[in-house]
Amino acid sequence: MTDKAITATADEFVAGKIKGRRSHDRVLNAVYVATYVIVILLVTIPIAALIYGSLRTSAPGTEGEWTLQNYANLFSGGVLSTIATTLWIGLLSSALCIVIGAAIALVVHRTDFKYGNIITALIGLAFYFPSFILAMAWIIIGAPGGIFNAVVDDVLGMPWLRIDIYTAMGIVIVMVLHQVPFVYLTMRGPILSMDGIYEEAARTSGAKPHAVLFRVTLPLLSYSLISSFILTFIITIEQFAIPALIGIPGQVTMLATQLYLLVRFSPADYGLAAAVGLALSAITGSAIWAQRRVTRTGRLTTITGKAGRATPIPLGRWKWAAYILCFGFVFLGLLLPMVILIYTSLLKWFTANPMSGMYTLRNYMFIWESASTMRSFWNTLIVSGVGAAIGVVLGLLCSYFTLRLRPTGYRGLDFVASLPFGVPGIVLGLGLLWAYAYLPIPLYGTLALMIMAFITRFLPYATETIGGQLVQIDKSLEEAAWVGGATRLGSVFRILLPLARPSVQGAYFLLFMAFFREISSAILLYSATTSVVSISIWSFFEQANWGLASALSVVATVIIFAAMSLIIWLLPSARRG
């Protein structure tokens, strides 16, 4: 072969490579555009529909007129009272959560507490305990006709000890039991990674343990505490199940439950409900903005190159107080509710006295024999399995484009993808209710609409989980692949995805469990044929069928705990954490 022929062949090879790369770049550009369009449609359609609904006098799909009266009604005495109730319950619950959750984290990870691994595992289980199931358990315990009051009346003869869970403080107590695990898990990382040199220096200077705690440890953790407080406040005020199950019977109304009451009970007022939903979203959105400001601007150096493990603080005479704090919370937030649900699920008729109860397995048999209940299980598995897979793919694409490729307009995609975090689930459900009453797409009353609602609500969870690992992967690995002749698309499949696989797996199981127990997004969208497990439990409890609700709750909780155990088994990083 002549030199000219060799040169021609080389030129053709290079030209082919360039053409191939351009082809793959066009594919990536097409995928980017498609991702952008899908995310914008998923997020903006319900929000735009909600704004539209707030300006109308009619229900979704019916004739009406334009109006600003719905916004004027936000300043009525009833709505302002609801906003005030929402804020003070949210602030008080969050403050108590921070105190208890941070205290447990400090005891477990900064002292010579002996059972830290056990507490961490049990609090991890409590974190995945669904809010509506926890609320149900405490209603069975603390309702006027519940177990606790029956015991203090009939057994102890002390009626002055009676309690009533159907109060604002009842909501606060159950909220705290539900959210303390979140605070513990968010504070655990900063406490574990904090350099102990500062505390050691204070002790060397003669500072007492309590002085070290209040003058060194807590100030170093201040920004983490503030961030965790704001996030807990957001989760608390957008919570639907606990305020609904406890607050509605006790006539204690928060914004999420007021929205539900305006839509579900006559006379329905969809326009005011939409305005209330936007007001709630404005509050959560403002809180998210404040949390982002704290995490970006408020930073203290707590990790240094000379980091060493801090000497555990001896508990001494405070040992039993630490045991009561840690094991007391686990008992109230996890063990007691589970025991009560199992007990109630085995009763033929409810009684507070275990010795006089008639025990049966008929509630569990009914779950197996009931066509509607089994259909709700299949619907849940479809929504959770398929929806989580789609959500992870969409979250992976969003993370890749916003963190790695960064094409034109990537900041807009990042903003839109994170927007649902500030939209409460029930507000999103109402927005979809308005949207698909007008759009010429037959989605209402289908599982597809449920999947869309869940994906939209939890998309930020997928992007944050996957994005957290993508930013840790050095871009030089992809660049080396490009130099070696790989295309951008090829480097994604051969380099990026294998390295990011743990976070992708973690995101899938996180979404699966979130979808499995979600109720706030589904409560306004379900139909008789699209009911999911959380809705079935809710319906049984509304019908005062505590036995069936408890049996179904036990089964659902076992599935959730099994899924969490699978995560720990599949992901070595979870075991190390």
Quick check: does any side chain N or O of [X] sit under 3.5 Å from a backbone N or O of [Y], one acting as donor and the other as acceptor?
X    : Y    : value
T463 : P460 : yes
N379 : V532 : no
T465 : A507 : no
R457 : L428 : no
Y260 : S520 : no

(Q) Tell me whether the count of non-hydrogen atoms from other residues, nucleotides or ligands lying under 6.0 Å of CE in M158 goes above 12. (A)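 Yes.
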In terms of side-chain heavy atoms, does [X] have a donor or acceptor partner in [Y] at a distance below 3.5 Å?
X    : Y    : answer
E542 : S539 : no
S376 : S531 : no
S131 : Q239 : yes

Q: Measure from the ring center of W538 to the ring center of Y526 and say whether it is less than 6.0 Å.
A: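 No, they do not, as the ring centres are separated by 6.0 Å or more.
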Q. Does the gap between the ring centers of F509 and F512 come in under 6.0 Å?
A.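 Centroid separation for F509 and F512: 6.0 Å or greater.
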(Q) Using the rule given for ring pair (Phe, Tyr, Trp, His ring centres under 6.0 Å), can you reason through Y323 versus F113, listing the C-alpha separation, both sets of side-chain angles and the distance that settles it, and then say yes or no? (A) CA-CA 8 Å; Y323 287 169; F113 186 78; 5.4 Å; yes
Q. Once the angle between the rings of F458 and F515 is folded into 0 to 90°, is it parallel (under 30°), tilted (30 to 60°) or perpendicular (over 60°)?
A.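 Tilted.
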Q | side chain to side chain contact (heavy atoms under 4.5 Å, CB included), paired with T557, selected from I133, L134, L125 | A |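 The side chain to side chain contact (heavy atoms under 4.5 Å, CB included) with T557 is passed solely by I133 among I133, L134, L125.
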Q.
Any heavy-atom pair between the side chains of L161 and N149 that's under 4.5 Å?
A.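 Sidechains of L161 and N149: no contact.
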**Q.** E369 and R362 ion-paired at < 4.0 Å
**A.**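 A salt bridge is absent here (no side-chain N lies under 4.0 Å from a carboxylate O).
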